[in-house]
Amino acid sequence: MKERLNALEVALNNEMREHEFYKVNAQRTKNSVGKAMFDKIAAEELEHYERLKQLHERWVKDEKWPETVPLKVENTQVGAILKKLVTKAANEPMGDADDLRAIRTAIDFEGQGATYYARLRDMVSDSREKAFFDLMANIEHEHYVSLKETEEYFVDPVGWFRRMEKTGLDGA
């Protein structure tokens with residue numbers, strides 16, 4: 001139990017660190033796509049933190065996986081934000097080098113987060129624990145994919161638009 005509680009404490013610290021990172025970058029960027037992306041992920045990371053904190057408190061108190069911790073967090077909408085805003089962003093400042101650095105740092109965070117939660121999922125036997133950590137791994141992976149999309153948009157917006165048109169992901 002101690003090892004899993006320690007892992008949960010690491011996850012708590014990571015979620016709060018990531019929340020702060022996204023908030024700082026949402027305030028810093030002048031690009032509305034980057035701002036919306038960072039704001040949304042910051043809110044989702046805060047929700048993850050709160051859910052993990054609740055889980056940790058109950059686990060410490062009861063000395064077992066709690067029966068009543070909801071195994072659901074709000075579904076991520078990060079990818080939808082990118083697709084919606086990018087069509088409106090043609091006449092505004094593009095992302096700058098700091099934005100791209102922040103996106104790439106965030107990609108690393110989310111990739112590591114997905115791997116971390118998958119590892120927690122794989123080391124437990126309780127089906128409720130597995131389901132919770134699988135959910136967290138999947139959400140972090142969705143963030144990763146959305147941030148990779150954002151990186152592609154910032155690096156090559158024309159290519160990104162072409163790909164969206166070809167794949168029909170632009171809503172047309």
Solution key, residues 105-114 side-chain donor-acceptor pairs under 3.5 Å, sequence neighbours excluded:
residue	atom	partner	partner atom	Å
T105	OG1	R101	O	3.0
E110	OE1	H143	ND1	3.2
E110	OE2	Y22	OH	2.6

Exercise. Residues in side chain to side chain donor-acceptor pair (under 3.5 Å) with N25, at least two apart?
Worked result: R28
Within this structure, what is the [atom1]-[atom2] distance for the pair [X] and [Y], rounded to the nearest 0.5 Å?
X	Y	atom1	atom2	result
E149	F154	CD	CZ	12.5 Å
T150	R104	OG1	CZ	12.0 Å
L120	K130	CG	NZ	10.5 Å
E152	L147	CD	CG	13.0 Å
D99	E151	CG	CD	12.5 Å
D98	I103	CG	CD1	12.0 Å

Exercise. Does the side chain of E50 come within less than 4.5 Å of Q54's, by heavy atoms?
Worked result: no
For this session: State, yes or no, whether a side-chain contact exists between F133 and L8 at a heavy-atom distance under 4.5 Å.
Result: yes
Exercise. Can you list the steps and then say if E15 with E140 is a side-chain contact (heavy atoms from CB on, under 4.5 Å)?
Worked result: CA-CA 10 Å; E15 294 294 335; E140 297 296 311; 3.5 Å; yes
For this session: Applying side-chain contact (heavy atoms from CB on, under 4.5 Å), run through M136 and L52 and close with a yes or a no.
Result: CA-CA 10 Å; M136 295 298 288; L52 289 168; 4.2 Å; yes
Exercise. For the hydrophobic clusters of this structure (ILVMFWY residues joined by side-chain heavy atoms under 4.5 Å, transitively), does one cluster hold both V24 and M16?
Worked result: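 In one cluster: no.
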Can you see which heavy atom on [X] is nearest to which on [Y], and at what distance?
X	Y	answer
M37	S146	CE-O, 4.2 Å
N31	V33	OD1-N, 2.9 Å
L5	H56	CD2-CD2, 3.7 Å
F38	A102	CZ-CB, 3.7 Å

Exercise. Are the charged groups of D39 and K23 less than 4.0 angstrom apart, N to O?
Worked result: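 Yes, this pair counts.
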Exercise. Is any side-chain N of the basic residue among K61 and E57 closer than 4.0 Å to the acidic one's carboxylate O?
Worked result: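 No.
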For this session: I would like to know whether F132 and R51 meet side-chain contact (heavy atoms from CB on, under 4.5 Å); could you show each step before the answer?
Result: CA-CA 10 Å; F132 181 82; R51 187 73 67 232; 3.6 Å; yes
For this session: Output yes when a side-chain donor or acceptor of Y49 lies under 3.5 Å from a complementary backbone atom of A11, and no otherwise.
Result: no
Exercise. Between H48 and E18, is any side-chain donor less than 3.5 angstrom from a side-chain acceptor?
Worked result: no
Problem set entry | Worked verdict on V10 versus Y116 for side-chain contact (heavy atoms from CB on, under 4.5 Å) | CA-CA 10 Å; V10 168; Y116 186 73; 3.4 Å; yes
